[in-house]
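Working notes, beginning with the structure itself.
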Amino acid sequence: MNRRTVLSAGAALALTAVASAKTDTPKAEHAHHHDHGAHAASSNPYAAVQQSAAACHAAGLACIAHCIRLLSAGDTSMKDCAAKSNQMTALCGAMENLAAQRSSLVRELAKVCAKACRECAEACKPHATHHAECKACYEACLECAAQCEKLA
């Protein structure tokens, strides 16, 4: 038997094992993973703040990108909006993470996160009527601040 035959046989055996593992594993055996995830989300006391922080974080990132484009074009009116959005996204990202973990730090962070969201909303407000990104960020910030204030 030459080396090529041994390698081909080994590769075929490995592929057969992988294919067998994929088809032989009963779906019911792994179904509990999906159910567990749904149950965990519904029983998380911080689910609402986690979701609003995630939405605020995403809207903030879009707002920052928009501000950077405008700042690059020389529009310095967006500098406060960009700075406040940047601070808010850092805190909302942390809030989303800690809320998902059901951390004991959530309530303490909620106060600071609410403040950052309110400040960001104020910075976005003047631009909300003519920039969709600022409007989305403004609205997401108000919602997240409200959810955080319920916990603070």
Side-chain angles (χ1 to χ4, degrees), residues 11 14-152:
L15 288 174
T16 302
V18 169
S20 175
K22 286 183 180 177
T23 58
D24 290 346
T25 305
K27 289 184 181 183
E29 182 180 324
H30 293 284
H32 70 276
H33 293 291
H34 299 292
D35 294 338
H36 180 70
H39 175 69
S42 66
S43 64
N44 183 348
Y46 303 127
V49 77
Q50 179 186 349
Q51 291 170 359
S52 66
C56 198
H57 184 254
L61 291 176
C63 188
I64 291 168
H66 177 70
C67 288
I68 289 171
R69 285 191 301 275
L70 292 175
L71 286 165
S72 297
D75 183 353
T76 59
S77 70
M78 304 303 287
K79 66 180 175 45
D80 291 337
C81 193
K84 295 299 182 181
S85 293
N86 190 47
Q87 293 170 19
M88 174 277 294
T89 57
L91 289 164
C92 282
M95 177 57 80
E96 179 185 6
N97 187 338
L98 294 178
Q101 296 176 45
R102 302 175 193 174
S103 170
S104 62
L105 300 171
V106 168
R107 292 187 183 278
E108 291 176 67
L109 180 59
K111 182 178 179 182
V112 178
C113 191
K115 182 177 182 184
C117 287
R118 294 273 178 213
E119 288 180 4
C120 184
E122 283 304 308
C124 287
K125 189 176 182 178
H127 310 287
T129 57
H130 48 277
H131 297 288
E133 295 86 351
C134 293
K135 181 180 181 190
C137 189
Y138 170 76
E139 291 171 352
C141 280
L142 292 179
E143 174 60 26
C144 189
Q147 289 299 323
C148 287
E149 288 162 352
K150 289 178 185 179
L151 298 175

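- Judged as a side chain to side chain contact (heavy atoms under 4.5 Å, CB included), and not counting sequence neighbours, the contacts of Ala82 are Cys67, Leu71.
- Within the structure, salt bridge (Lys or Arg N to Asp or Glu O under 4.0 Å) contacts touching residues 44-58 (residues at least two apart or in different chains) do not occur.
- Looking at residues two or more places apart in sequence or on another chain, you find a side chain to side chain donor-acceptor pair (under 3.5 Å) between Ser77 and Asp75.
- Residues satisfying the salt bridge (Lys or Arg N to Asp or Glu O under 4.0 Å) test with Glu149, not counting sequence neighbours, are Arg118.
- The side chain to side chain donor-acceptor pair (under 3.5 Å) check on Glu119 picks up Lys84, with sequence neighbours excluded.
- For Asp80, there are no side chain to side chain contact (heavy atoms under 4.5 Å, CB included) partners at least two apart in sequence or on another chain.
- Two residues are said to be in side-chain contact when any heavy atoms from C-beta on lie closer than 4.5 Å; Met95 and Val106 meet this criterion.
- Residue Met88 comes nearest to Cys56 through the heavy atom pair SD-SG, 3.4 Å, listed as atom of the first residue, atom of the second, then distance.
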message = Please evaluate residues Ser43 and Arg102 with respect to the criterion side chain to side chain contact (heavy atoms under 4.5 Å, CB included), reporting the C-alpha separation (whole Å), side-chain torsions for both, the decisive distance (0.1 Å), and the verdict.
response = CA-CA 10 Å; Ser43 64; Arg102 302 175 193 174; 3.4 Å; yes
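- Applying the ring pair (Phe, Tyr, Trp, His ring centres under 6.0 Å) definition to pairs two or more places apart or across chains, none involves residues 88-124.
- Listed by chain and number, the residues in a salt bridge (Lys or Arg N to Asp or Glu O under 4.0 Å) with Arg69 are Glu133 (sequence neighbours excluded).
- In this structure, Cys134 SG and Leu70 CG are separated by 8.0 Å, a value rounded to the nearest 0.5 Å.
- In this view, Ala90 satisfies the side chain to side chain contact (heavy atoms under 4.5 Å, CB included) rule with no residue, not counting sequence neighbours.
- Counting heavy atoms from C-beta on, the side chains of Leu151 and Tyr46 come closer than 4.5 Å.
- To the nearest 0.5 angstrom, Ile64 atom CD1 is 4.0 Å from Thr89 atom OG1.
- For Ala99 against Val49, the heavy-atom pair with the smallest separation is CB-CG1, 3.9 Å.
- Counting all heavy atoms, side chain and backbone alike, Lys135 lies closest to Ala128 at CB-O, 3.4 Å.
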I'd like a table of donor-acceptor pairs (distance under 3.5 Å, sequence neighbours excluded) in which one partner is a side-chain atom from residues 137-146, with atom names and distances.
unit_1, atom_1, unit_2, atom_2, d
Glu143, OE2, Gln147, NE2, 3.0

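- In this structure, Leu91 and Ala116 approach most closely via the heavy-atom pair CD1-CB, 3.5 Å.
- Applying the salt bridge (Lys or Arg N to Asp or Glu O under 4.0 Å) rule to pairs touching residues 47-62 yields nothing, sequence neighbours excluded.
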ask   = Hey, mind stepping through Cys148 and Cys117 against side chain to side chain contact (heavy atoms under 4.5 Å, CB included) and telling me if it holds?
value = CA-CA 9 Å; Cys148 287; Cys117 287; 5.6 Å; no
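- One finds the OG atom of Ser72 at 12.0 Å from the CE atom of Met78 (value rounded to the nearest 0.5 Å).
- The CG atom of Asn86 lies 11.0 Å from the SG atom of Cys81; values are rounded to the nearest 0.5 Å.
- Contacts of His131 classified as side chain to side chain donor-acceptor pair (under 3.5 Å), with partners at least two apart in sequence or in another chain: His66.
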